[in-house]
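What follows is a short report on a single structure.
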Protein chains: 2
Amino acid sequence: MRISELSRETGVSIASIKYYLREGLLPAGTALGARQSDYGNEHVTRLRLIRALVDVVGLPIAKVKRIFELIDEPGDDIFATLGQAVDSLPPYTTDGEADAVDYPRARAVIERLGWTYDPRYAGTAQLERSIAAIDGTGIPMSDARLDAYASAARQVAEFDISRMPQADAAPAAAIEYAVLGTALYEPVLVALRRLAHQDITARSLAGDDES
Amino acid sequence: MRISELSRETGVSIASIKYYLREGLLPAGTALGARQSDYGNEHVTRLRLIRALVDVVGLPIAKVKRIFELIDEPGDDIFATLGQAVDSLPPYTTDGEADAVDYPRARAVIERLGWTYDPRYAGTAQLERSIAAIDGTGIPMSDARLDAYASAARQVAEFDISRMPQADAAPAAAIEYAVLGTALYEPVLVALRRLAHQDITARSLAGDDES
DNA sequence: TGCTTTAGATAGTATCAGTATCTACTATTG
DNA sequence: CAATAGTAGATACTGATACTATCTAAAGCA
């Protein structure tokens with residue numbers, strides 16, 4: 001497939017495709033000569049993935065590149081690779097240093113839940129940051145709320161893991177599922193929460209009318 | 001409080017505070033003279049809110065401004081105001097026109113759940129967009145998954161609504177809770193999902209070791 | 001043969017979110 | 001009371017990001 005077809009197929013402009021090639025987000029096609037390359041179905045998929053991560057998840061190009069690098073060359077340690085991938089997802093914590101950091105708000109929640117508290121998990125810093133950001137804004141963040149959210153989050157996570165490709169049988173597929181699933185399913189979950197708000201509110205208004 | 005104190009209190013630079021004042025995100029302080037203004041606690045709260053929405057939720061300044069406008073001057077129709085606020089949250093759908101649009105993937109889900117399908121809800125377009133973005137990327141999006149996510153989302157939403165200030169008694173507080181709660185609690189929910197992934201995976205690895 | 005397309009390089013643009021500087025003061029401090 | 005620091009408001013500048021546009025030299029196709 002030529003670059004013009006790839007562009008038509010995906011709706012991404014040729015200029016943007018060239019930009020993604022330059023930035024290393026999209027692998028080069030197989031060269032057919034000095035002035036032509038052949039692009040395959042994997043380029044179509046990859047481009048759709050780029051658009052999904054950029055437009056829907058809202059990731060900057062550099063983070064998208066990092067994620068593809070982790071997918072294309074995962075280390076031996078799937079667990080560590082996934083951790084690094086989650087680190088590429090917002091909200092960015094950008095610490096980098098500091099070995100002995102502690103995340104008190106996150107720790108309190110995690111320990112109350114009986115989950116594994118580990119300050120090295122990217123998610124731990126993200127939870128801390130999310131809770132800390134709410135402090136001082138006048139928006140309440142009670143333990144009861146955290147428990148309710150955690151229980152729902154765990155249900156979703158149980159489902160996610162149950163559908164994950166076997167890590168020992170297909171490590172590349174498992175990494176890809178874990179990394180992309182973490183990022184791409186999030187907007188679905190939050191959209192459903194917003195719709196549930198609407199539905200519940202609409203029902204209660206309808207109930208008021210009837211009574 | 002002078003601007004330098006406000007800056008020290010919140011950790012936001014004076015230059016940035018002035019920028020927010022210019023952009024209308026932060027109301028002006030009460031003028032004490034031509035060269036001095038007095039800022040109060042509401043400015044501290046507002047600044048923390050701006051940083052939370054910008055840094056953690058990832059909203060652009062213009063959307064933050066829109067949200068404050070809705071909070072500060074909500075219309076009579078709380079339901080409509082909330083809808084407009086949700087429209088200011090990513091993923092942005094940017095249609096604007098088109099009366100008779102239909103969102104087939106979202107509709108299928110919502111009708112299967114027995115929720116109220118309404119293409120005018122911002123969340124409907126957001127759900128459509130989120131699901132559509134996953135199509136063609138090789139990441140699976142089954143009905144079973146959508147059902148699992150919806151059930152979890154509904155649990156969270158039920159909790160949210162149960163803690164919402166009474167709309168008829170305190171409409172301003174209800175709007176603020178709904179708008180900010182929708183935005184600010186989302187990062188908490190997704191962070192908890194990521195941590196649950198880690199915890200479940202860590203447990204299963206530990207289980208493998210023992211066996 | 002002439003029009004279109006392409007790879008690869010380089011330069012330009014639009015937007016965003018601040019920063020920096022300047023003026024003309026006012027407030028505080030030694 | 002003089003020097004220093006701080007301030008409001010205006011304007012200009014900056015750096016990052018994500019493209020877009022243009023150009024060159026060569027194929028491809030009709």
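Below, chain A is the first sequence line, B the second, and so on; all start at residue 1. Note that the structure is predicted; figures quoted are calculated from it, not measured.
Heavy-atom contacts of chain B under 4.0 Å fall on DNA chain C between two terminal nucleotides, which in 5' to 3' order are C:dA17 to C:dA27.
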message: Please evaluate residues A:Leu25 and A:Tyr19 with respect to the criterion side-chain contact (heavy atoms from CB on, under 4.5 Å), reporting the C-alpha separation (whole Å), side-chain torsions for both, the decisive distance (0.1 Å), and the verdict.
response: CA-CA 9 Å; A:Leu25 273 82; A:Tyr19 170 65; over 6 Å; no
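Between B:Gln36 atom CD and D:dG9 atom P the separation is 12 Å, expressed in whole Å. Atom pair B:Asp38:CG and D:dA8:P shows a separation of 10 Å (rounding to whole Å applied). D:dG9 atom C1' lies 14 Å from atom CD1 of B:Ile14, rounded to whole Å. Following rounding to the nearest Å, B:Leu21 (CG) and D:dA10 (P) show an atom-to-atom distance of 12 Å.
For the residue pair B:Tyr20 / B:Arg51, a side-chain donor-acceptor distance below 3.5 Å is found, with atom types taken as modelled. Inspection of the B:Ser7 and B:Ser4 side chains reveals no N or O donor paired with an N or O acceptor under 3.5 Å.
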Nucleotide N/O to protein N/O under 3.5 Å, stretch nucleotides 16-19 of chain D:
from: D:dA18; atom 1: OP1; to: A:Ile61; atom 2: N; distance (Å): 3.2
from: D:dA18; atom 1: OP2; to: A:Ile61; atom 2: N; distance (Å): 3.3
from: D:dC19; atom 1: OP2; to: A:Tyr20; atom 2: OH; distance (Å): 3.2

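For the side-chain hydrogen bond (donor to acceptor under 3.5 Å, both in side chains) condition, the pairs that include at least one residue of residues 71-84 of chain B, sequence neighbours left out, are B:Arg46-B:Asp72, B:Arg66-B:Gln84.
A:Ile67 is listed as a side-chain neighbour of A:Leu89, based on a closest heavy-atom distance under 4.5 Å. The side-chain heavy atoms of B:Tyr121 and B:Gln126, taken from C-beta on, include no pair separated by under 4.5 Å.
At a cut-off of 3.5 angstrom, counting only N and O atoms as typed in the model, there is no donor on one side facing an acceptor on the other between the side-chain of A:Arg35 and the base of D:dA26.
The pair B:Arg48-A:Asp135 does not meet the salt-bridge criterion, since no charged nitrogen lies less than 4.0 angstrom from a carboxylate oxygen.
Both tests pass for B:Lys63 against the ring of B:Tyr92: distance under 6.0 Å to the centre and angle within 45° of the axis.
When each of A:Tyr39 and B:Ala34 is assigned the nucleotide of DNA chain C bearing its nearest heavy atom, the one mapping closer to the 5' terminus is A:Tyr39.
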